[in-house]
2 protein chains.
Amino acid sequence: MSMSSSWEGDAFDPECPTRVVLDRVGDKWTVLIIGVLDEGPKRFSEIRVAIGGITPKVLTSTLRSLVTDGLVTREVFGEVPPRVEYALTELGRSLQGPVAALRRWAELNVAAISASRDRQADAGTLRSS
Amino acid sequence: MSMSSSWEGDAFDPECPTRVVLDRVGDKWTVLIIGVLDEGPKRFSEIRVAIGGITPKVLTSTLRSLVTDGLVTREVFGEVPPRVEYALTELGRSLQGPVAALRRWAELNVAAISASRDRQADAGTLRSS
DNA sequence: CAGTATCCTTGAGGATACTG
DNA sequence: CAGTATCCTCAAGGATACTG
């Protein structure tokens, strides 16, 4: 079907699958994995150490989802020891911009947010005096 | 401390609070709420209907988090019936760009992703023949 | 190396009903 | 109108150990 790529979703429609896409993209690890793969194809372990704090089980399942969604490819090389490489598809690369912006924003504003949280915590504490 | 706003996080450091920020931003409703509030201050119910599919309890808690993080303000007007308005702070507005890009990406690519998922499902089915 | 296999906890989020 | 109050579930994700 040549028309399939022209359809657009509406994130504000509860029935629209765009919500699901947003959920996947916004999950705990996707942003990081996409970021790592932007450097080029990477092996399972490379991704693992680059990210840090992710267990193999979770990395596997997240990677699987990304492959299912067509954002990442998985290529197995028939070697010993085994070698598997993950790489961004074109669709995955197109997500790179938005996701990098988000990551960047988080890095730039983490201090302001932490400060705000601390302030709120203080306010809560002070209410008792 | 005048230096506090110049500190930058590193999303790839497991110890960095940037991870937490990313989690909050990437949660199921934040992207939508920020989007609605971009149009200007909104009342609780306005946000509710604009988004659709969110229960009052969840909206309340998400809004609270956004206020705590300094992304949104909550203003109560001493009226009857009660009136409460939520609005983006400057920090919240600065998140608008990245978040809109992400929402836009999701809307544009939801079709491609759905197609990829269906294809994978087919492949799984066909394996048994 | 690249995963699997288990077990388990936690809390996000939903359903529903009620209130100042 | 703008929330609270309860109850509930379900699955994401973590800890740990094992394998082709």
Side-chain angles (χ1 to χ4, degrees), chain A residues 11 13-34 36-37 41-69 72-87 117 124, chain B residues 11 14-15 19-34 36-37 41-69 72-87 117 124:
Chain A
D13 174 4
E15 302 303 321
C16 181
T18 297
R19 294 264 172 111
V20 180
V21 172
L22 233 28
D23 285 353
R24 169 141 317 313
V25 170
D27 92 28
K28 193 168 184 177
W29 303 107
T30 297
V31 170
L32 271 352
I33 293 178
I34 298 281
V36 169
L37 291 182
K42 291 263 180 296
R43 310 176 63 160
F44 187 90
S45 306
E46 289 177 317
I47 301 173
R48 190 138 113 87
V49 312
I51 289 184
I54 188 171
T55 62
K57 179 198 151 189
V58 171
L59 180 54
T60 299
S61 76
T62 306
L63 247 13
R64 270 207 212 301
S65 299
L66 291 173
V67 169
T68 300
D69 288 351
V72 165
T73 57
R74 175 178 187 273
E75 190 174 3
V76 183
F77 297 81
E79 304 178 359
V80 177
R83 175 156 160 246
V84 180
E85 279 192 355
Y86 295 88
R117 286 184 183 177
Chain B
E15 302 303 320
R19 293 265 172 110
V20 180
V21 173
L22 233 28
D23 285 353
R24 169 142 317 312
V25 171
D27 90 28
K28 192 168 186 177
W29 303 107
T30 297
V31 170
L32 271 351
I33 293 178
I34 298 281
V36 170
L37 291 183
K42 290 264 181 295
R43 310 176 63 159
F44 187 88
S45 306
E46 290 177 317
I47 301 173
R48 189 137 113 86
V49 312
I51 289 183
I54 188 170
T55 63
K57 178 197 151 190
V58 171
L59 180 54
T60 299
S61 78
T62 307
L63 246 14
R64 270 208 213 301
S65 298
L66 291 173
V67 170
T68 301
D69 287 352
V72 166
T73 57
R74 177 179 186 272
E75 188 175 4
V76 183
F77 296 82
E79 304 176 0
V80 176
R83 177 156 158 246
V84 180
E85 280 192 355
Y86 294 89
R117 287 184 182 176

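Only a predicted model underlies this, so the values are computations on that prediction, with no experimental measurement involved. Throughout, a chain's letter reflects where its sequence line sits, starting with A, and its residues are numbered from 1.
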J.: In this structure, how many angstroms lie between the C1' atom of C:dA2 and the CD1 atom of A:I54, rounded?
T.: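 These atoms are roughly 14 Å apart.
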J.: Looking at D:dA2, I'd like to know if its phosphate oxygens (OP1 or OP2) sit under 4.0 Å from a side-chain N or O belonging to B:R48.
T.: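 For B:R48, the contact criterion (side-chain N or O under 4.0 Å from OP1 or OP2 of D:dA2) is not met.
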J.: Just how far, in rounded Å, is P of D:dG13 from CH2 of A:W29?
T.: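 Going from A:W29 (CH2) to D:dG13 (P), I get 8 Å.
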J.: Whole-Å distance between D:dG3 C1' and B:R64 CZ?
T.: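 The answer, rounded to whole Å, is 9 Å.
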J.: Identify all stems in which DNA chain C takes part, counting only runs of at least 3 consecutive pairs (Watson-Crick or G-U wobble, each distance under 3.5 Å), and give each as one range with another, ordered by first number.
T.: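 The stems are C:1-20 with D:1-20.
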J.: Restricting to non-hydrogen atoms, name the atom on A:G53 and the atom on B:P14 that form the minimum distance, rounded to 0.1 Å.
T.: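 Reported closest heavy-atom pair: N-CG, 4.3 Å.
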J.: Evaluate the criterion side chain to side chain contact (heavy atoms under 4.5 Å, CB included) for residue pair A:I33 and A:L59; output intermediate values, then yes/no.
T.: CA-CA 9 Å; A:I33 293 178; A:L59 180 54; 3.7 Å; yes
J.: Can you identify which nucleotide, out of D:dG20, D:dA2, D:dA15, has its nearest atom closest to the B:V84 side chain?
T.: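 The listed nucleotide nearest to B:V84's side chain is D:dA2.
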J.: Does a side-chain N or O from B:R83 land closer than 4.0 Å to OP1 or OP2 of D:dA2, or not?
T.: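 Result: no.
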J.: Decide yes or no on side chain to side chain contact (heavy atoms under 4.5 Å, CB included) for B:F44 and B:V84, but give the supporting numbers first.
T.: CA-CA 7 Å; B:F44 187 88; B:V84 180; 5.6 Å; no
J.: Start at the 5' end of DNA chain C and walk down; is the nucleotide closest to B:T62 or to A:P56 reached first?
T.: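 Result: A:P56.
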J.: A:F44 has an atom CZ; how far is it from atom P of C:dT4, in whole Å?
T.: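 From A:F44 CZ to C:dT4 P: 8 Å.
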J.: Please check this pair: side chain of B:R19 against backbone of B:A11, looking for a donor-acceptor N/O pair closer than 3.5 Å.
T.: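 Checked: pair present.
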J.: Classify B:F77 by what it touches in the nucleic acid, base, sugar-phosphate, or nothing, heavy-atom distance under 4.0 Å.
T.: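 It contacts nothing in the nucleic acid.
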J.: Map A:P82 and A:V58 onto DNA chain D by nearest heavy atom, then report which one ends up closer to the 5' terminus.
T.: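 Result: A:V58.
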J.: Can you measure A:D27 atom CG to D:dA11 atom C1' for me and round it to whole angstrom units?
T.: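 For the pair A:D27 CG and D:dA11 C1', the rounded distance is 13 Å.
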J.: Just how far, in rounded Å, is C1' of C:dG11 from NZ of A:K28?
T.: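 So the NZ-C1' distance, A:K28 to C:dG11, works out to 12 Å.
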J.: Starting at atom CZ of B:R24, determine the distance to atom C1' of C:dG13, rounded to an integer number of angstrom.
T.: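 After rounding, the reported distance stands at 13 Å.
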J.: Show your working on side chain to side chain contact (heavy atoms under 4.5 Å, CB included) between A:R74 and A:V72 and close with a plain yes or no.
T.: CA-CA 7 Å; A:R74 175 178 187 273; A:V72 165; 5.8 Å; no
J.: Can you see if the side chain of A:Y86 gets near the phosphate of C:dG3 - specifically, an N or O under 4.0 Å from OP1 or OP2?
T.: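 A:Y86 to C:dG3 OP1/OP2: side-chain N or O found under 4.0 Å.
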J.: Over all strands shown, is A:R74 touching base, sugar-phosphate only, or nothing at heavy-atom distances under 4.0 angstrom?
T.: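 Sugar-phosphate only.
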J.: Does B:S45 place a side-chain N or O at less than 4.0 Å from the phosphate oxygens OP1/OP2 of D:dA2?
T.: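 Result: yes.
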J.: Checking only heavy atoms, does the side chain of B:K57 share a donor-acceptor pair with the base of C:dG14 at less than 3.5 Å?
T.: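 Per atom types, the contact qualifies.
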J.: Take atom CG of A:D23 and atom P of C:dA12, then tell me their distance rounded to the nearest Å.
T.: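 Roughly 14 Å, once rounded to whole Å.
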J.: What are the two closest non-hydrogen atoms of B:T30 and B:V25, and how far apart are they?
T.: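 Closest heavy-atom pair between B:T30 and B:V25: CB-O, 3.7 Å.
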J.: Please assess A:K28 against A:I54 for the test side chain to side chain contact (heavy atoms under 4.5 Å, CB included), listing each intermediate value before the final yes or no.
T.: CA-CA 10 Å; A:K28 193 168 184 177; A:I54 188 171; over 6 Å; no
J.: Give every donor-acceptor pair under 3.5 Å between a side-chain atom in residues 60-69 of chain A and any protein atom, sequence neighbours left out.
T.:
from  : atom 1 : to     : atom 2 : distance (Å)
A:T60 : OG1    : A:P56  : O      : 2.8
A:S61 : OG     : A:V58  : O      : 3.1
A:T62 : OG1    : A:V58  : O      : 2.8
A:S65 : OG     : A:S61  : O      : 3.1
A:T68 : OG1    : A:R64  : O      : 3.0
A:D69 : OD1    : B:R117 : NE     : 2.5
A:D69 : OD1    : B:R117 : NH2    : 3.3
A:D69 : OD2    : A:R24  : NE     : 2.8
A:D69 : OD2    : B:R117 : NH2    : 3.1

